[in-house]
Structures are given as structure tokens and as C-alpha cells.
Number of protein chains: 2
Amino acid sequence: MKKTVLPLLFMVAMATTWAQENIIGFSKDASVKQLQLESEFEKQLSTENLDQWMLLLAGEPHWVGTEYGEKNVKWMEKQFKSWGYNTKVETYHVLFPYPKVRVLELTGPTTYKAKLEAVPVEGDPYTSQENLLPSYNAYSTDGDVEAELVYVNYGIPSDYEELEKLGIDVKGKIVIAKYYGSWRGIKPKLAAEKGAIGCIIYSDPEDDGYAQGDVYPKGAFKNKTGVQRGSVMDMPLYPGDVLTPGYAATKDAKRLKREDAPTITKIPVLPISYEDAQPLLEALEGPVAPASWRGGLPITYHIGPGPAKVHLKLEFDWQLKPAHNVIATLKGAELPDQWVVRGNHHDAWVHGASDPISGLVALMEEARVVGKLAKAGKKPKRTLVYCAWDAEETGLIGSTEWVEDHRAELQQKTVAYINTDGNSRGFLGAGGSHTLQAMVSEVANKVTDPQTKVSIAERQAARNVVHGGSDKFALSALGSGSDYTPFIQHSGIAALNLGFGGEGSGGEYHTIYDTYSHYTRFKDPGFEYGTTLANTAGRIVLRLANAEVLPFELQQWYSTVDGYLGEVMKTLETMRSEVEKHNAKVAKNQYGLANDPKKPVKAAEKEAEIPYLDFSPIQNVLADLKNDIDTFSKVDKNQLSASKKAELNQALMHMEQALTSEKGLPRRDWFKHQIYAPGFYTGYGVKTLPGVREAIEQKEWQEAQEQIGVLTGTLKNFDAHIQKLNSIAQ
Amino acid sequence: MKKTVLPLLFMVAMATTWAQENIIGFSKDASVKQLQLESEFEKQLSTENLDQWMLLLAGEPHWVGTEYGEKNVKWMEKQFKSWGYNTKVETYHVLFPYPKVRVLELTGPTTYKAKLEAVPVEGDPYTSQENLLPSYNAYSTDGDVEAELVYVNYGIPSDYEELEKLGIDVKGKIVIAKYYGSWRGIKPKLAAEKGAIGCIIYSDPEDDGYAQGDVYPKGAFKNKTGVQRGSVMDMPLYPGDVLTPGYAATKDAKRLKREDAPTITKIPVLPISYEDAQPLLEALEGPVAPASWRGGLPITYHIGPGPAKVHLKLEFDWQLKPAHNVIATLKGAELPDQWVVRGNHHDAWVHGASDPISGLVALMEEARVVGKLAKAGKKPKRTLVYCAWDAEETGLIGSTEWVEDHRAELQQKTVAYINTDGNSRGFLGAGGSHTLQAMVSEVANKVTDPQTKVSIAERQAARNVVHGGSDKFALSALGSGSDYTPFIQHSGIAALNLGFGGEGSGGEYHTIYDTYSHYTRFKDPGFEYGTTLANTAGRIVLRLANAEVLPFELQQWYSTVDGYLGEVMKTLETMRSEVEKHNAKVAKNQYGLANDPKKPVKAAEKEAEIPYLDFSPIQNVLADLKNDIDTFSKVDKNQLSASKKAELNQALMHMEQALTSEKGLPRRDWFKHQIYAPGFYTGYGVKTLPGVREAIEQKEWQEAQEQIGVLTGTLKNFDAHIQKLNSIAQ
């Protein structure tokens, strides 16, 4: 019909425009081909596979060393093989504590014995299985302590400052801290540093219970019996097997004695439910907790110490357990020695439907379709290595041991590592090396959100804007908390971490309620975000695998890192003006006068003035970097000869390593990256420019100036690397 | 001994410096004399009197119309007479509703019958007296309604905006709102405007219960049975007797029919405890309340509507009751026709130890000592009028009827009105006419804080600075909530409201727990802040009474009002940029994309653009005012002749009236003041430059521009008044 002529022409024009689009790392023609490949890849992703595989993989508890975990490993191995992957299982022997004795009781002035057990719920058969792992914190030391209790809010540094003002000391006491506010391992670490002899962590209903929404099984949130398990090993020092720091936990590896392992906690620590916490908190007296410390229990929160007295006894069965990583390789058609590594862990605290199986099944579906396309002649240029890690929950152990085992080869061959973990419904969350930001942004603009049918980039931008942020796509910086850590932090391999979330919240994390039943009701019913994750990560993998020039981009890296420097310098200025204001108030006794004399606090004291630091070395090298990066950005890489491209790729794939320093960070040399690290006192939370930033935050001025020197040196190496790129590209 | 010579000399020098200090309104010599008088006054204040008088006045419940209230009145009359005051009782006949029937029950899907009764507690014999007033909201209409329940957070305008986004309508429903967030009367007013047929108000433990601290009798805070009584008459329309708007409720006054009284609520409303609220809230389903709406009950807060269905039945015994004001006059020695009026109410909801007796006994002690000094020959120059108001709790009725009765004479003779109400331990809170700010600041620098021994000004400044504020002394602007309202808002009489607080918080307000036992444990044990209040208010009264030139100051007035204009203009600009940002998000469907599709909300719509208003008329008259005020400030008033001073005082005492407009504010002509008013939708909360500000907030642009004209006219009158001052002072 005539009427359709114009729109049709218009559509053709649109399609042509789309086809002519250039993507980073690809020439015009290669872009067309790559986008067609990605489109084919996307079409074959099946939500049904995700559903079936989750049913299987999350069918029973499967923490490291379990039979069911081993069954899963064998099944995955079989799957990968069937899809054409050269697949092997690499096993390490890692220390794992199983909880033998767990006693927590209030011994005075009233008594209560903690139940320490979450109840099975109607409608979720998984929760009444018999072999559930008891709730505990892995790598708590054994202990048997009894003392007065002190409530320490989240148990983070600012909370201890508040306690000090109130004149309350935790020395010789047992502390009780809420989950959240930091990674859990910080709580016993800090409590021990302050002299406490035991640590209890509980989920307060304000953060993680009925205040958030209806509790399981009526709703998704934590009921009064749910307990979050989790590792408390001192991962900011080093992750991985506690007995083999920095090297692989092979069968015959030389191991530390357990009592010498620095990442096992110094004091016993146990997580409990809010049902078990309430009698303990109710028995506290002493000052009423500050308003910001109050949780959601129907009580007045007091700090103590005492009169509540508690007895905490923990004994673990410490055994070496096999951690099995599944490593599935699809050899590159053209560049077999350039690897794109892709991983997700497979071990779980209990069933782990959400964490990690939801991410794992997306990875597997991605690998299946990539394998199928390869069989059909569309084999990636570079080698793909799909990994399913064991023992992540206990401390990133499977991935860390594997990376430590193969570090030199990985550093030589790996283009990038792409990680996923638990996945849910909602918005793209993407973190990683900022040299990859431009590429990830392009991919995010290509992937369609299953609920709204706009791109996941547009949806993410909408959310940011509505919450007062920017509509520019940005990668967050990586701290820790999943298996990218040994790659980026320890080995300087460019890394990404991807996942969806924000609309599937719940209280199931690390509890017996993280089941298929819960997941398919509340997290991603229908698994549409599962395939969207496969689509996103898969396109990224395929671009990295097929790019003519590896899709690293430097201008966005520059503005990000320049922004970090600005933040650090501002932090120092803010500290200076805060100290000045503080000291002025001390001089006029204004704190004293503002305080209620019936609630005495420690008299405020003057603080040492904040010195000025010389940031100019960093500023100068950043200025050089800006020039060299501008030069590199102007190069039309598509015009380079094949050999130049090959040479450039060799340089590009090792670029992130120029951002590391083999000496590592102060007091934790396992962490080599000078731009991103998990915070020493935040745990998972990232600290960018960590050497300088943490020294400033800790007011270690000499170290801060030294670290400015270290960072300058690293950035100079990086600049030399950029200059090398430029000389290749001439 | 020799050693003391130097310090002694130094002390003499200090004393001389102090004695030579000039205070506003007094010449050098008069300053010395006045400060000596104030010092004598202060020395004679006795905490013991306050204690004894509170025991007596708060011995039994004494709301308006009670026998015990009448006994109190007679006793006070006797006291004032004994101190030399010409004392009378002026009685008005005001409509008062006594609760006959109070039924609140959950009728579905489960059932619960609200107890509506606070329990007596150990250690507080007052709470087990038999004649306690049942908990209710006075001037709720009678009603018998049954409907589904909706949780509306605080029930203020922004909450209804949120409900609209969620597509929830309260039409035909009964709403349940938390206390706080606004004055209570706003909640039923707004609910009725939105179509609700009933309103329940409860005290949530987050704001007013165990989350704040230990509950009574262990601590000061609201236990689960406590209920806040209070008036819900539409006071922002007009306070005072509901049947006699704008004129005195004398015995034979013409009265509105009750059904025509516009300040009685349109729907029945009842306050309840959190114990009674919990079953109702637990029975709600529908969307989970937004995070900021959550309270402190151990439940998931849902909004509804329903399935919870409630039945609310209220019947009142509506009777005219006598409201007795005690009026005690000490005739001025020199200027008997210039009055300093000082008041505090005497009626209470129950015992009212804190509210109002703690303030009343301070006022009486002040009057006693002033009377004693007068008998000793130190009679104030001007006339003092000490007032103890009845029926304040029900709606500022005693004071309003008295002011309406004597308005012309009061406007002619009153220099200023100084109000107090309940008092507690802590920091000075002072609000009022900014022409009095400089004088109050001087007084605050002379009064010593009993706990810290610095001046109350210094202590207040310390607190402000510690909380990020300024160390400059400032009066807050007066909205409503106590008996200053008929003076300043209705009659243009300069007014102050004074009290101490911040360290005596508790949950006793308007409950059966506001007793002598509670007060002396938690509020101001020892009554030191009671005498400090007497000292502060008494010095202010004596300065106003004895000043050679009335201590009004205009430069601080100017900068304050200029600041208000800046705020209002900024509000408009903020609204403009918010609307622009909002509309940009709507245009890109960013709200839609950011929203969870499983939790549908009403699609965001574009808002009308914010017009530019012409503020130049106000700016021009403020510029004129600045010049004229500068001129006046340069005048050395002490050099003026006695007759000039007399003429100037006549002009100064009527100056505040030049800030009123007899037409009043739009839709509420009882409120005449153009600088300060209670907010139409905040209740007690002040709105400065109310005509202009509220029109802008309500987006009534034509009215806003008109009100700019009205305000300009008022400020021109004020400027003419200043010019008159200048011409007198030439």
C-alpha cells in the first residue's frame, strides 16, 4: 500500500545509520560484523536454561568441600565440555572452619540462651532440608569468653570515636555490632584493636528486617530468625587461603601454622538474628545510644557496658578442604595467547540461589551460546576462559589461589577479567578499570532493558538523574567483595564487575532463605535479567575477543583519576577547616557549654593542625599524562597497519599493570594497584588512590607525602607506557 | 595581706567597668541604677516558692471549667493581692467540649478495641487520681464513621503529594497520622480537605516513645499507653472561642451556632497511644510506606487503603464554660498609661506540672519580687500587668477573648507583651518582635546559666555554634502556640516569648504523666531554670518599665526582615529551577524509567512554569527603610529633652502596629501582622512575610503579586512611622 512507502524508507534509513555505527576497537566494516554477531548471540539466550540450571545448582547447600558442591562442579565440567570448551577442574587445598560449638548466652542480670537457628518457612521446601550450614562467621578464631556487653552501633571507626567521647572503653568487654556500615570483617578487627575479647554481629530490623518490608515468607525481607553468614577473615590484608599468603594452596605448599595466620580474627565472633539480639540489647543500661545509632527493635537502645553479661563459646573443626575451580577454555582462532577471562563463583553459604547461582547460570548461558556460535564458524579471535570459582564466600579463595598459581602467565596473556556474582532485577551496576569505561558505555547503550525496552544505559541514567546524579555513564571503582580482586588488585589485570539490581531487594543474603523459591518470587522472576546479564557480559567478552585494536580508552580514565586527586586534595582541606573550627570551639569551651551537664562526656581536646602536603608531583605527572593521552586519542587506530595494531594490542593489554607497584600498599603488600583498593577500615568499600588517601585519613603525614611519591612514580610508569603507545602509533 | 592587693584592685576596676556599661534605653546613670535594681531583683528569687506553688497548682487536673482550676484562680488572686497588685478575675464564657463517647475499634479483617487509657505508674501518685480528663482532641466534631484505614505519615501536604504519586486516595476513608511534622490541627483539616471522613492521630515511638529514651516511669519518655491531648480547632483561621470570632465571649455576646463555627473540625478526630495504634497499622496492606514514613513500631508500615477497617465514634458534651483570667496590675509610678503586659496560662490538660505550671510559677515569683521591690520604694515607672490566662490549651481562648475585649485600650497603652509557658532545663529559647532583639540580647548577656555559670547568651551561642549555626544572638520569629498570638498577630503589640529547654525532654506533653513527680525528676529538678526564667523575663519587664527611651532597636529589625525577603525570593528561584528540572525529567520519561515497573505509580506530569514576580516595590521601600533607620540609629537618644523622649516613646510603643494591616491576611482577617504569622498549613510553625510567602508556596501567582503590594503598603506605613521618629528626634 502506498501509505507505507515513506515510513518504510525511513526505517531503512534508520537501519543503515545503525549499521554504519562505529564501535570502539573496530573499523567500520568490522563494527557491522561484530554487531551482527552480538545480535545473533543475544537472540539465542534462553531464560529457560537459567531456570533449570538454578533448580539444579541451588538444589542443596554447597559450600566449599561439600559433596553437593563437587556434584555441581562435575556437572558444570560436563556442560562446558559439551559446548566445545577445553575444560578442566583446578583444585586447591584450603583451610576451612566448620562450626562445631556455638554457644551464646546472656548470663546476667537476666538469662537467655540464643537459638542461633533460622526457622523453616511454609512454601519454601529448601528451608527445611537437613544439611543446612549452621550460621557463623568463617575465620573467627576459637574462643570461650564471658564479659559485660557493649553496644557499638556498626562497630566502625567513627563509632569508637563516639564511644570515646562518652568515656566508654570496650577493653575486656564483648561488643555487639549491627551488620552494615562496613564490610562485616571490619567489626571484629576493630573491636580486637580496641581491646574487646568477643564480638557479636546481628541484623537489625531497621537495616535488614521488617522496617524494609514484609518478612519472609510473606515478603522478601529478613524474618526475626534469619542470620547472615559470612567470612570475617582480614581480607583487606590479603584474601585467599589464610595459610598461603601470596602463593597457591597446592597440595604440598608450605603452609603457615594456623596460630600464625594473620587473617584469622583475634577474637571470637558470631552473627545472630534480631530475635536473639533483642534480649541482649534490652539487658543493657548506661547511656542511651545517640539517635543515629538507634535500630528498629521496639526498645530503648542503651550502650552499656553491662549490666548485661554474655558468654560466647566457639569451636571450629579446622580442616583442609578441596576448592574446585572449573576452567573452561575456548581457544582463540587468531590470537590464542590473548585471553579474555570471565568468571563467577559457584560455592554458596547455603543454597545460594541468588548468591552466586543467579550470576553463574547467566555466565553459563553466555558460554553455551558463544560455544554454539564458535561451532557454527564464528569463533572468537582471542581465547576465552570461562571460570567457575569455588570458595569465594570464605574469602575469594578459589580465584585467589588460581591467580596466585598462574600469575605470571595471566599477567602476560590476559586482556581483561570480567566478573559477575549474584544478579537481580533492576538497573545495571558496573564497576571496573576506567580504561574500559568507554567500551562498557557503548555496550550498555546496545542492551535493552527487559522491563522498559529502553537501553540499560538510558535506564541507569534516568535513575541517576532522578536521584540527583549525572546522566553520564560511569563505572564505579572496584574495592573488593568478589573474584575480580586477585585480578585487578593483585595482578594489575584490567577488570570489570557487572550485575543488575535495585528492584529485587530482600533479606536472604547468606541465609537459609536464599533459595530458588525466594529468588523466583522476589529477585528475578522469569530470569529476564539473567539473560540481560548474559547479553551484557557476553557482548563485552565478544568485543574484547574480536577487537582489531583492544577497546581501551584513556580520556575517561584521565578525567576519572584527575577527579580522584581532586577529592583527596579536598579531603585534606576539609580536614584542615574542620580541625580549625574544632579547635576554635575548644578554645571557647563551646563543646562544654553546649553539653548537658547531667550527661557528662569527655572534655573535647584540641587536635593537631593539619599540615599542607605537596601534591605538585602528582599534578605535574597528570599534566604530562593529559598531553600524552590527548595525543593518543587523536590517533585513528583503524588506519594503522596490521603489525602496528598487533604491537599496540600487546602494549594495551599490559597497560593496567603499569598502574601497580610491586611493593604494594603500606602494611599490605598483596595489594599492588595504586588507583583502586578495598579500604583498610571499610573492607569491601573502595579507596581510590589508596596509598595517599588512607595515609591522609589516618593522619599519617609522613606516609602521605611518601605515598604521593609512590603514586607519582606509578603514574610516571603509566605515562611512559602511554608514550610507548604513542610511539607505536606514529 | 599584701598578696591580695593587686587582685583586689583589678576586681574594683572590673566592677567599675561593669557599672559604667550602657544599656539600651538608659542613660549612663540610669543604666547603673537599673542594673542595681535588676541585681536586687535577682537575689530575691526563690526556687523554694516555685516548688511549693507547683505542688499546689498542679495538685489535681485543672482544665478550663474545673473546680480545681477555679481554686487555683482564687489562690493566685490572693497571692497577687498580697504582693500589692490591684487584682481582678476577668471571666469569659467559652464553648468547651467534654468527651462523652469515645469508641475506636478495628472491625476487619481482625478486630481490636482501642483502650484509650493511659495506665497509672508506680512512683507517681498523680497518675492514679480519679478525675483525669479522658484523652481526646478538643473541637473535633461529633461523628460516627466506619471505613477503610489509610496511613498518611504525618498527614501534611507533602505526604498527600506522595500518596497521589502512589495513586492512593483518602476520599471516604479514615486516615491515621503520626503526631509531629506539623501542629496537630493541620492533620484533620487537611484530611477533611482531601475527602477523608475520620482522622486518628497517634504518637509513634520513633518520635515520641522508646526510641527517644527509657519510658515512664523508668525514664521520661512516652510509654505505650500515653496519649497526647490537644486542641484541633482551626487556629490558623482564628484562635479563641470558636463561637465569637474577633470579639469577646462575654456572657451576653452574640454567638455563632455551633454548626456554623468554622474552626471546629469537619471530621471526627481522636488521638491514641502507640499500643492502640499498632494493631490498626499491622492490619494494613497495600504499598509498603516509603522509608521516610517508617516509625518505630516493630512492624512493616503499609499504607493501605484497608483491608483494615475501623469504626470511630465520638460524642462531646458541648457546654459554655467560664474561663477565668487573673489580671494583676501594678500601677506605674510615672507613666501609668504605658503598660508592660506579662502573661502565662494557668489551665492544663491534666495536671500540667510542666505545661504550663513551670512557667506560671516563674511568672508569679517574678511578680512577687517586683511587688516587694515596689513596696520598698522601687516602683516601676510604667504600669505592669501580670496575667494568668485560662483556656490556653483549648485554643489560646482566655488571652484571645481578653485581648479582643480590650483591644483598643491595649493597642493604645501597651509597650510590649512578654509571654512564657512551660519551662525546662537547658538553653534559652526566645522569639518575638525583632525591634526588641537588641534589648533581649543585652539581658541574655546579664543572666547567668545555673549549670555552667556563663551567661545564658554565651551558652546559647555555644550550642548554636556546635550545631553549625551562628554565635550571634537572634530572636526566632513567632508563629503560634501560646498566648502571645492575640497580642502580636491580632493587635500589632510587640511581643516576646521566653523559655528554657533542650535538656529536659520527655514524653509527658499533654498526657496524664505531666506531673510534679515527672517534672522534678526529669525537667528542672531544683527549679533553678524556673528562677532563671523569672530572672530573664523579670529583667526584660523591668527594662521596658523603667527605660527612659523605650528599648526598641531598628537595625537588627531591618537585617532580619531583609533576610526574610531574601528567603522568599530564593524560594521562588528554587521552585523555578525545581520545576525546570522536573519537567526535563518528565520530557525524557526519566521518572518512568527510574521506577520499578512492579510498583506502578502515577505517571509524572509536567508542572506549570514558575513566573517571575516583581519584588522591586518591596526592595525599594526596604532601601528607604534602611536609610531612615540608619538616620534614627545615629541619634543619641539620651541627649533628647524629656518632652522629646516622651513623644518618642509614644511613637515607639505604637511602632509594631505599623507592621499590621487591618484587612488581615487572605482568607483569615483575624491575623493582621504582615511580618509574622502561623502557617496556614503548618499551624504553629511560623511563616514570615506570610501574605507573599504563602501565596508563592501555594502557587497563587496573582495573589502573590497582590500581596507584594500589600506588604509594600505596610512597609511604607512603617517607614512613615520611622520618619516620624526621626522628625521627633531632630
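Proteins get letters first, then strands, A, B, ... in listed order; numbering begins at 1 in each. The structure displayed is predicted, hence computed values, not measured ones.
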Side chain, backbone, both or neither: which part of [X] has a heavy atom under 4.5 Å from chain B?
X	result
D471(A)	side chain
H467(A)	neither
F427(A)	side chain
Q460(A)	neither
Q278(A)	neither
K218(A)	side chain

Option in [options] with maximal non-hydrogen atom pairs under 4.5 Å from chain A:
options	result
G426(B), G296(B), A211(B)	A211(B)
T300(B), L297(B), D449(B), V465(B)	T300(B)
R425(B), Q451(B), Q212(B)	R425(B)

(message) Would you compute the distance between atom NZ of K599(A) and atom CD of E503(B) and round it to the nearest 0.5 angstrom?
(response) 8.0 Å
(request) Nearest 0.5 Å please: distance from the OG1 atom of T452(A) over to the CG atom of D596(B). (result) 11.0 Å
(message) Does any backbone or side-chain atom of N464(B) lie under 4.5 Å from a heavy atom of chain A? Answer side chain, backbone, both or neither.
(response)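 When you check distances to chain A, no heavy atom of N464(B) falls under 4.5 Å.
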(message) Given heavy-atom pairs under 4.5 angstrom as the criterion, report whether the side chain, backbone, both or neither of V454(B) touches chain A.
(response) side chain
(request) Please indicate whether E607(B) has more than 12 foreign heavy atoms, meaning atoms of other residues, nucleotides or ligands, lying under 6.0 Å from its CD. (result)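 Enclosed: over 12 neighbouring heavy atoms sit under 6.0 Å from CD of E607(B).
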(request) Take atom CD of E164(A) as the centre, draw a 6.0 Å sphere, and report whether it contains more than 12 heavy atoms from other residues, nucleotides or ligands. (result)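 Open: at most 12 neighbouring heavy atoms sit under 6.0 Å from CD of E164(A).
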(message) Non-hydrogen contacts under 4.5 angstrom with chain B: give the residues of residues 518-529 of chain A involved, or none if there are none.
(response)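 Hits under 4.5 Å: P525(A).
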(message) Show the nearest heavy-atom pair for residues A594(B) and V466(A), with the distance to one decimal.
(response)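 Shortest heavy-atom separation between A594(B) and V466(A) comes out as CB-CG2, 3.9 Å.
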(request) Select, from R463(A), H582(A), K598(A), K581(A), the one with the greatest count of heavy-atom pairs under 4.5 Å involving chain B. (result) K598(A)
Sub-4.5 Å side-chain heavy-atom contact between [X] and [Y]:
X	Y	answer
H302(A)	D214(B)	yes
E206(A)	R294(B)	no
K224(B)	P298(A)	no

(message) Sub-4.5 Å heavy-atom contacts with chain A: which residues of residues 584-593 of chain B show up?
(response) K585(B), K588(B), Q590(B), Y591(B), L593(B)
